[in-house]
Amino acid sequence: MIPVMIECVPNFSEGRNPHTIVALARVIGHLNDIAVLGFESDADHHRSVITFAGETEAVLEAAVRATGKAAELIDLRQHIGVHPRVGAADVVPFVPLDGSTLEDCVAVAHRAGEEIWQRFRVPVYFYEAAARMASRKRLERVRKPGLDGLPPDIGDVAEHPTAGAVMVGARNFLIAYNINLTTPDAAIAKQIAAKIRESSGGFRFVKAMGLHLPSQDRAQVSMNLTNFAAIPFDDLYTTVQAEAARLGTAIAESELIGFIPRAAFEQSPDFFRRVRGFDESRIIETRIGQLLQSN
């Protein structure tokens, strides 16, 4: 019987302390049947993303343990970063890979939420396909100061005093993609974000916000591409490029956080080849193959 494989892409509210980041990665990587595909940190966002995959039970346990380690090591009362967050382990999404389904990931998300509360007393809010309330399906409607004002899905307090809350979800593949501008003006990035995001009448399946990156003194258009097959990548890039020019600035570079599916790369190779430092190890199927060959 072929084992069921899933991916998990937790986002932690720590992007500056390497010891904390390594400790989180070790908790995940020390479990059998887990492949840590990569991790990235951003000091301005004050956030780290760790991507790992494996058999269902191992991924579930790794996600729960990492959430507990984040609650132990990260104090949100001391946290300052440009990215929205509500928890030490901020979002913990489960993603189907070959042999698994979105429904499998919903079941894993619900089990993980129960374990997180039972072991660490961090309240849990379910989002995307795992949402138990329709109003919580969209992450941005809950991940905000004060959350949504309603009780958590699991837990008897809205927030842990130092670790906040954790958003646990199940979703299909999401591409986290950013464009950095030559201007430091976040207002310009926010105008561009409003132009391209679905909620403002832009591209379907594009979420976007504008930020300032203090370490680079540049503005950034930060995007989540939630259904890559339905997004015209090249049109998206040229729209940002044209809007930036209209507002008196230009694109400095683009960046990718985490991995992309091969199907996304094949859909628009030039779009991804523009990304800073891109090579085919950023394609998740290629990365998994590399890890299997090295073992």
Side-chain angles (χ1 to χ4, degrees), residues 9 11-18 20-21 38-51 76 78-86 90-91 139-140 143-145 174-203 205-226 228 231-260 264 268-279 281-282:
V9 194
N11 289 219
F12 300 101
S13 296
E14 177 55 71
R16 300 169 188 165
N17 185 329
T20 299
I21 297 162
F39 63 90
E40 296 171 85
S41 301
D42 187 289
D44 293 313
H45 287 231
H46 205 353
R47 195 170 186 83
S48 294
V49 178
I50 302 178
T51 305
L76 279 191
Q78 311 301 321
H79 189 283
I80 299 173
V82 299
H83 198 287
R85 71 278 176 191
V86 295
D90 189 47
V91 294
L139 176 63
E140 63 269 25
R143 189 176 61 187
K144 56 187 179 181
L174 176 153
I175 297 174
Y177 172 78
N178 302 325
I179 288 180
N180 296 336
L181 305 173
T182 56
T183 179
D185 190 347
I188 290 177
K190 289 176 181 178
Q191 284 183 259
I192 295 172
K195 174 79 173 179
I196 62 173
R197 63 179 171 239
E198 180 177 11
S199 65
S200 301
F203 292 87
F205 308 113
V206 172
K207 299 181 180 182
M209 61 183 175
L211 307 166
H212 177 251
L213 305 179
S215 69
Q216 301 180 44
D217 196 26
R218 279 182 174 167
Q220 179 183 84
V221 183
S222 179
M223 289 171 260
N224 281 343
L225 312 179
T226 62
F228 68 84
I231 298 171
F233 290 130
D234 294 322
D235 290 349
L236 175 63
Y237 187 89
T238 56
T239 299
V240 173
Q241 190 173 48
E243 192 68 5
R246 186 183 72 81
L247 295 168
T249 187
I251 293 174
E253 62 182 2
S254 58
E255 63 181 25
L256 189 64
I257 308 301
F259 296 84
I260 61 169
S268 187
D270 289 344
F271 177 84
F272 292 105
R273 288 189 178 118
R274 289 190 195 100
V275 167
R276 183 187 66 214
F278 182 83
D279 62 45
S281 69
R282 303 299 293 275

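Of all the heavy atoms in Asp235 and Thr239, the pair that sits closest is O-OG1, 2.7 Å. Residues Ser48 and Gly15 share a closest heavy-atom pair of OG-CA, 3.8 Å. Closest approach of Asp44 and Ser215 over heavy atoms only: OD2-OG, 2.5 Å. Closest of all the heavy-atom pairs between Val275 and Ser254 is CA-OG, 3.4 Å. Smallest separation of non-hydrogen atoms from Ser200 and Ala194: CB-O, 3.0 Å.
A distance of 10.5 Å separates CD1 of Ile257 from CZ of Arg47, quoted to the nearest 0.5 Å. Separation of atoms CZ (Arg85) and CG (Asn11) is listed at 13.0 Å; rounding is to 0.5 Å. Residue His45 holds its NE2 atom at 5.5 Å from CG of Leu213, rounded to the nearest 0.5 Å. The distance from the CZ atom of Arg276 to the CG atom of Leu256 is 10.0 Å, given to the nearest 0.5 Å. Considering CD of Gln191 and CD1 of Ile196, their distance stands at 12.5 Å, rounded to 0.5 Å. Interatomic distance, CG of Asn180 versus CD1 of Ile251, reported as 10.0 Å (0.5 Å rounding).
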> Can Ile260 and Phe278 be said to form a side-chain contact (heavy atoms from CB on, under 4.5 Å), step by step?
Replying inline: CA-CA 11 Å; Ile260 61 169; Phe278 182 83; 4.1 Å; yes
>> Could you go through Gln220 and Val82, starting from their C-alpha distance and side-chain angles, then the distance that decides it, and tell me whether this counts as side-chain contact (heavy atoms from CB on, under 4.5 Å)?
In response: CA-CA 11 Å; Gln220 179 183 84; Val82 299; over 6 Å; no
> Yes or no on side-chain contact (heavy atoms from CB on, under 4.5 Å) for Leu225 and Leu236, after CA distance, side-chain angles and deciding distance?
Replying inline: CA-CA 11 Å; Leu225 312 179; Leu236 175 63; 4.0 Å; yes
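Between the side chains of Asp90 and Ser13, not a single donor N or O lies within less than 3.5 Å of an accepting N or O. Side chain to side chain, Thr226 and Asn224 fail the donor-acceptor criterion of an N or O pair below 3.5 Å. The closest side-chain donor-acceptor pair between His212 and Asp185, if any, does not fall under 3.5 angstrom.
Taking the centre of each ring, Phe228 and Tyr177 stay at or above the 6.0 Å mark.
Looking at heavy atoms from C-beta onward, Gln216 lies in side-chain contact with Glu253 at the 4.5 angstrom threshold. Looking at Met209 and Glu140, their side chains never come closer than 4.5 Å, going by heavy atoms from C-beta outward. The closest side-chain heavy-atom distance from His46 to Ile80 is not below 4.5 Å. Contact check for Phe12 versus Ile21: no side-chain heavy atoms found under the 4.5 Å cut-off.
For Phe272, the ring-ring contact (aromatic ring centres under 6.0 Å, His included) partners two or more places apart in sequence, or in a different chain, are Phe233.
Within a 6.0 Å sphere centred on NZ of Lys195, heavy atoms belonging to other residues, nucleotides or ligands number 12 at most. Crowding of Phe203 atom CZ: a count of heavy atoms from other residues, nucleotides or ligands under 6.0 Å exceeding 12.
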